[in-house]
Structures are given as structure tokens and as C-alpha cells.
Amino acid sequence: MGENNRDDDRFEEMQNDNSGDDEAFFDDRETQALKEGRRRTGRVVALRNVATGEMMQLGSRYRWLLGSDASCELRVVDPFVSGTHCLLERRDDGSLRVRDRDSRNGTYVDGNSVEGAVLRVGSYLTVGRTTLIAVSNPATNNGEPRRALEMLRGRDPVLRMTIDQALRAAQTECSVLIVGETGTGKDLVARLVHEQSRRAEGPFVAVNCGAIPRELIASELFGHEKGAFTGATDDREGYFVEADGGTLFLDEIGELPLELQPHLLRALETRRVRRVGGHAERAVNVRIVAATNQLTGLGGDSSRMRSDLYHRLATMVLSLPPLRERMGDMVELVDAMLADLAPDFGVKTVSDEAWNTLASYAWPGNVRELRHAVARAVTLGGDELGPADFFPDFSRGLLSHMSVQMPLTMASLRGDLVPYQQMIKGAMAQALQKHGTIRAAADSLGMPKSTFADKAKEYGLVTRRRPKLPIGRK
């Protein structure tokens, strides 16, 4: 307790000593934002950490607890942030209402200490020593948020097959289970199924089963009656009712406690739910999409998911490949991420050494880790991004997960090509394998046929034809 008080005192002293500098700092940033023409309206869809570039996606919920406790929907790892530091609530205009939750060190919006305030696109939220900027979704030409199909980038055959299966599943009402490592894009595939279905006009409600405290999961899913338990001061509808007429996405379904899984199974089979502490059931019309990164023993006795629940969810199973198995997509992914960030940070290029490092890294966090690395690089780097911009520990030799060998999809590529060329060759080889002809493969990559043919010969992807000899000569 004494240590926490000393931390609070040091934080308050730091705030008091630098109050003038902080005010100027925020004024300068606000002025710069206005000079850049950054929009102050629109729907806030994520909070970006100014120091690290990490993105905290908000999803489709309407309220979020932000704090250092693992139970918070938005977790900030910072010793000066309280367990439940502040509450964020969605407003009708797409902005957020921020309410301080009696935090130790206060909540600040654009440099001002607040009990309650509005957070709009471009506003800065400071909790502890962490500053987050509210950002909106990159928009298409007509001003609408991008659809999941546009955001699922890559030409890897396994990925495209999964997307094709998702599009077919969307036309049915069957339950879908998405499997894949953390960060592979399971949430985007879930959104794709919803957006391409007959339920697209209904709600899409995403629930992270691993982020809800164990004792509150039943209440969050099914709702509760007033007085059902300590703290239940009002009646509350659960996520099933909130998703009525649309899609309920149960992310990390493998984290759901075993004792609650039979209740979920019954709700899936009967499409009826009963509030905690209630007696009457309510019919709900929802389509269930679930996801898990718990791949070991899935559907068997060693799985953390009951086999009957697995078979109820797994009418259609969609499997997403890890990034290390689709390295031919690296260039397209990085270029798209840089383009999305260009309106805020300007046009950036990537050095050859950085491409080398990106291609050699194993990416245990997959596309999500790559997105964070790119956001960090453009936030902290110059016009040309080097390895240390993507990986802060690179210059100190502390970078882990470097591949000893090239990933499997690149194992057959020539060792004398630099990684950027290896990525190009990998994409071309996959296109040829899928489409069969040079013309079709070139079209799929948006590359001129003559350029594709020349590069395919250079990389040894096609054999050179022997020149035709005059008649009568051998």
C-alpha cells in the first residue's frame, strides 16, 4: 500500500512539475492536427497508443472498461493506471463518452483533467503515463467504413480458399467455427460472414469470452434480473438479445468455463435464453459464429471445449493460415498498412534491410503483430523505415523469433534473392499453381503479362522454350 502511495505521489509531482509543458504539448498537437486537416468528427473505432503505435480495436460494443486489470475490455499495461481506470460509452454520433472511475491518478482528455468528457476522432486520452489517440476506420471512396472482404488482404491459396468457403457459408444459416492462431484475422472472417449474409442489416455483436470475469459470463451472455446477485442494480439484457436479428460472434470460445458450456449449448439448440435470476425464457433469432486459437485436440477428449458444443458450432469449420506460411503476402500487407496510415503520418518507404528483417522474422503474433509493428514504425520512424523502427530491440541484438530458416512457403526459393524478391517469387509461384497459365496468374496479381513472363523465367518458375529450327535442320 505504501509503495502505491509513493507511486501516486511521484505521478502527481510529475504532473505538477510539467503542467505547463503538457499544456503546450497538447496545444501543439491539436494545432498540428488542424493543420493536417484531421477530421474531428466520425465514428471512433480504435484507440492507438501514441508511444508504441499499438491499436486497441473497439468492435461493436457500446461500453468498455479501460484499466490495468485483466478483466477490462481495454487493458493498458501501465503501473500508474488503476485496475478499472475509466469507462467509455458509445454516443449516437460515433464519439465516446469518457467517465473517470475514481482512478488514482486521474483521466485526461486533450491535456485536461476530466470527470467526464467527449472523446472524438483525433482526441487524446491520457491515463497514467499512457496516451491514446482516438482514430476512425479508413473509409472507402463513398465515405463508408471498409468491409471485411476488402480488409482480408493476400493472394495465398489457402487464405483465398478459406475466404471462398466463408462467402459460401454466409449464404446459409449454419453455425461457423473459425480456427487459427492469435492475430490471423478470425474477427475479420466473422465480420465477412455477417456482412455477406441475409443478416447484414442486423447487429454484429462481438464477445471476447476470455476477457469476461468468470462469475459474470452467464450474466453477460444471457442478461440478469435486478437483485440476481450483488451489484445487479437493474435488469440487463445479455449479448444474445443484443444480437437478435443479426450475428453473435463468440471469440475465444475455448476460454468459456466448462460448467457454462451446457447452458450455451442449450441456447444454441433452442434459440431461447433465460436471464440469471429470471424464470421466463425469451426467443432470440441469432446466427452464431465462434472462433478459437485452442487448436490442440479440438473436438476430442483433450480439448477445453466439450465435444457436443464443438459439433454444434462446427457445422462449417474455417481455418486461417499463420503469417509465416503465407509470406508471399508480406509486401501487399505492409504496403496496404502504410497506405492506411499515410493520411496521418505521410508517405513512408521501407529500406531493403527492413524488408530483410521483416521476411526473416517468424511473426508469432501473425498479422496483428505485423500491424502493430508497422504502426509503431510510422509513428516513430522517418521517411524511410529501417529495422529498428519496426523492432525497437533490433539495434541491441535482443530481437527474438528470428527464423533460422526461411518459412515453409519460401523454402524452395533461391537463396541468392533478397527477401523482397523472395516474396515476389512466392506470390508468383502461388499464382501459377492456382491459375495454371501465365496470363491468368499475371491478371490475378495485377501484373502485366510480359513483366510476369520475364520475371517467371528469371526466377526459374517456367522453363525456357527451345527456339524453333528451320525445316530440315536438327
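Just the heavy atoms: all of them, side chains too, but no hydrogens, waters or symmetry mates, feed the values below.
Without hydrogens or angle criteria, Arg271 side chain to Val286 main chain gives a donor-acceptor distance under 3.5 Å. Under the 3.5 Å distance criterion, the side-chain polar atoms of Asp329 are left unmatched by any main-chain donor or acceptor of Glu332. For Arg90 (side chain) and Val44 (main-chain N/O), a donor-acceptor pair under 3.5 Å exists by modelled atom type. The backbone N or O of Glu281 sits nowhere less than 3.5 Å from a side-chain atom of Arg274 that would complete a donor-acceptor pair. Of the possible polar contacts, none joining the Arg275 side chain to the Phe222 backbone as a donor-acceptor pair under 3.5 Å is found. The backbone N or O of Ser82 sits less than 3.5 Å from a side-chain atom of Ser68, completing a donor-acceptor pair. Arg160 places a side-chain N or O within donor-acceptor distance of the main-chain N or O of Gly154, the cut-off being under 3.5 Å.
In summary, the aromatic rings of Phe391 and Tyr361 are positioned with their centroids under 6.0 Å apart.
Considering only residues two or more places apart in sequence or on other chains, Arg439 meets the side-chain hydrogen bond (donor to acceptor under 3.5 Å, both in side chains) condition with none of them.
No side-chain heavy atom of Leu66 sits less than 4.5 Å from a side-chain heavy atom of Arg75. Residues Leu341 and Arg48 have side chains in contact (heavy-atom distance under 4.5 Å, counting atoms from C-beta outward). The shortest distance between side-chain heavy atoms of Asn293 and Glu252 falls below 4.5 Å. Here the side chains of Tyr62 and Val205 are not in contact, with every heavy-atom distance at 4.5 Å or above. At least one side-chain heavy atom of Cys86 sits less than 4.5 Å from a side-chain heavy atom of Val127. Thr172 is listed as a side-chain neighbour of Arg287, based on a closest heavy-atom distance under 4.5 Å.
Expressed to the nearest 0.5 Å, how far CD1 of Ile212 lies from CG of Leu221 amounts to 5.5 Å. Of the inter-residue distances, the one linking Arg368 atom CZ with Gln57 atom CD reads 9.0 Å to the nearest 0.5 angstrom. Distance check: Arg326 CZ to Leu159 CG gives 4.5 Å after rounding to the nearest 0.5 Å. Summarising the geometry, atom CG belonging to Leu323 is positioned 10.0 Å from atom CD belonging to Glu181; distances are rounded to the nearest 0.5 Å. Atom CD1 of Ile217 is separated from atom CD of Gln261 by 10.0 Å, given to the nearest 0.5 angstrom. In this structure, the separation between CH2 on Trp363 and CE on Met327 is 8.0 Å, given to the nearest 0.5 Å.
Counted by atom type alone, Arg199 and Asn285 present one or more donor-acceptor pairs between their side chains at under 3.5 Å. Side-chain contact of Asn366 with Thr184: a donor-acceptor pair under 3.5 Å is absent, judged by distance alone.
Taking 4.0 Å as the cut-off between side-chain N and carboxylate O, Arg63 and Glu73 do not count as a salt-bridged pair.
Aromatic ring pairs are classed by plane angle as parallel below 30°, tilted from 30° to 60° and perpendicular above 60°; the pair Phe204 and His194 is tilted.
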